[in-house]
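Worksheet: the structure to be examined is printed underneath.
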Amino acid sequence: MTTTKDEIKNVLRRAYQIEVDGYTFYSMVAEKATKPAVQEIFDKLANDEVQHKRYLKEIMGSYEERGVEAFDVARRDPQLKAFTATIFSEDFRKQAEGSDFEIGVLSVGMTLESKAIKYFSGAAKQATEADVRDFYQFLADWEKQHFDSLQQLYNGIKESFWSDSGFSPF
């Protein structure tokens, strides 16, 4: 059985909605943040989501014209690892450590990204065409890069958060 056109469109729509949700969350966090390093990382994540939306729109339009062949495209590989290495600076740690807001938004961001990873990985397992399956896995990998970046930032400040909150390490 092949993946139906409606199933593919639904995954693409959901992918777009995931990017809209991410943009909305990350841009609200950047706006609310009072610390420059925190604003910077969430502005970057919001901008990434805008680029992801644009890319998905291109794929959606191409799919309408070309069908499954639309997924046989060069994949854009965001350079989030380099970004995370530059943003997770001593300034970020100092600005974010011990703060409920920062630890909370990093945790929520990881939750959003992990749900997206699970969704796309599941869609990839269900897809029958290799190009479609590979594209869905690419989307999961894309979200994993965001997740990994957020997790690295979270791990960098969680000990000070728990210590400042009065919890000793277990």
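Please read these numbers as outputs of a predicted model, since none were measured by experiment.
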Which pairs, with at least one residue in residues 22-33 and sequence neighbours excluded, count as a side chain to side chain donor-acceptor pair (under 3.5 Å)? Tyr26-Glu113
Quick one, Tyr136 and Val11 - any side-chain contact, counting heavy atoms below 4.5 Å? yes
Please check if any side-chain donor atom of Asn155 sits under 3.5 Å from a side-chain acceptor atom of Gln151, or the reverse. no
Going by atom types only, do Asp141 and Gln137 share a side-chain donor-acceptor pair under 3.5 Å? yes
Anything under 30° is parallel, anything over 60° is perpendicular, the rest tilted; go ahead and classify Phe42 against Phe25. perpendicular
Residues clustering with Met28 (ILVMFWY side chains joined when closer than 4.5 Å, directly or via others): none
Minimum-distance pair of heavy atoms, taken over all atoms of [X] and [Y]:
| X | Y | result |
| --- | --- | --- |
| Ala116 | Ile18 | CB-CG2, 3.8 Å |
| Ala70 | Ile59 | O-CD1, 4.0 Å |
| Leu150 | Gly109 | CD1-C, 3.5 Å |
| Leu56 | Tyr16 | CD1-N, 3.9 Å |

Gap separating the [atom1] atom of [X] from the [atom2] atom of [Y], nearest 0.5 angstrom:
| X | Y | atom1 | atom2 | result |
| --- | --- | --- | --- | --- |
| Met110 | Ser149 | CE | OG | 11.5 Å |
| Asp72 | Glu129 | CG | CD | 13.0 Å |
| Asp48 | Gln145 | CG | CD | 9.5 Å |
| His146 | Leu45 | NE2 | CG | 5.0 Å |
| Gln126 | Ser121 | CD | OG | 12.0 Å |
| Trp142 | His52 | CH2 | NE2 | 4.0 Å |

Does a side-chain N-to-carboxylate-O contact under 4.0 Å join Lys35 and Glu102? yes
Taking atom CD of Glu64 as the centre, report whether more than 12 heavy atoms of other residues, nucleotides or ligands fall under 6.0 Å from it. yes
Quick test of your reading: applying ring pair (Phe, Tyr, Trp, His ring centres under 6.0 Å), list the pairs with at least one residue in residues 101-129, sequence neighbours left out, ordered by first then second residue. none
Between Gln51, Arg14, Lys57, Glu143, which is the residue that forms a side chain to side chain contact (heavy atoms under 4.5 Å, CB included) with Glu19? Glu143
From the options Val132, Asp131, Leu139, select the one residue that forms a side chain to side chain contact (heavy atoms under 4.5 Å, CB included) with Phe135. Leu139
Hydrophobic cluster membership, [X] vs [Y], 4.5 Å side-chain cutoff:
| X | Y | value |
| --- | --- | --- |
| Met60 | Val68 | yes |
| Ile117 | Leu106 | yes |
| Ile103 | Leu112 | yes |
| Val20 | Val50 | no |

Please check this pair: side chain of [X] against backbone of [Y], looking for a donor-acceptor N/O pair closer than 3.5 Å.
| X | Y | result |
| --- | --- | --- |
| Arg133 | Ala124 | no |
| Ser62 | Glu58 | no |
| Ser114 | Thr111 | yes |

On the ring face of Phe147, is Lys115 found with NZ or CZ under 6.0 Å from the centre and within 45° of the axis? no
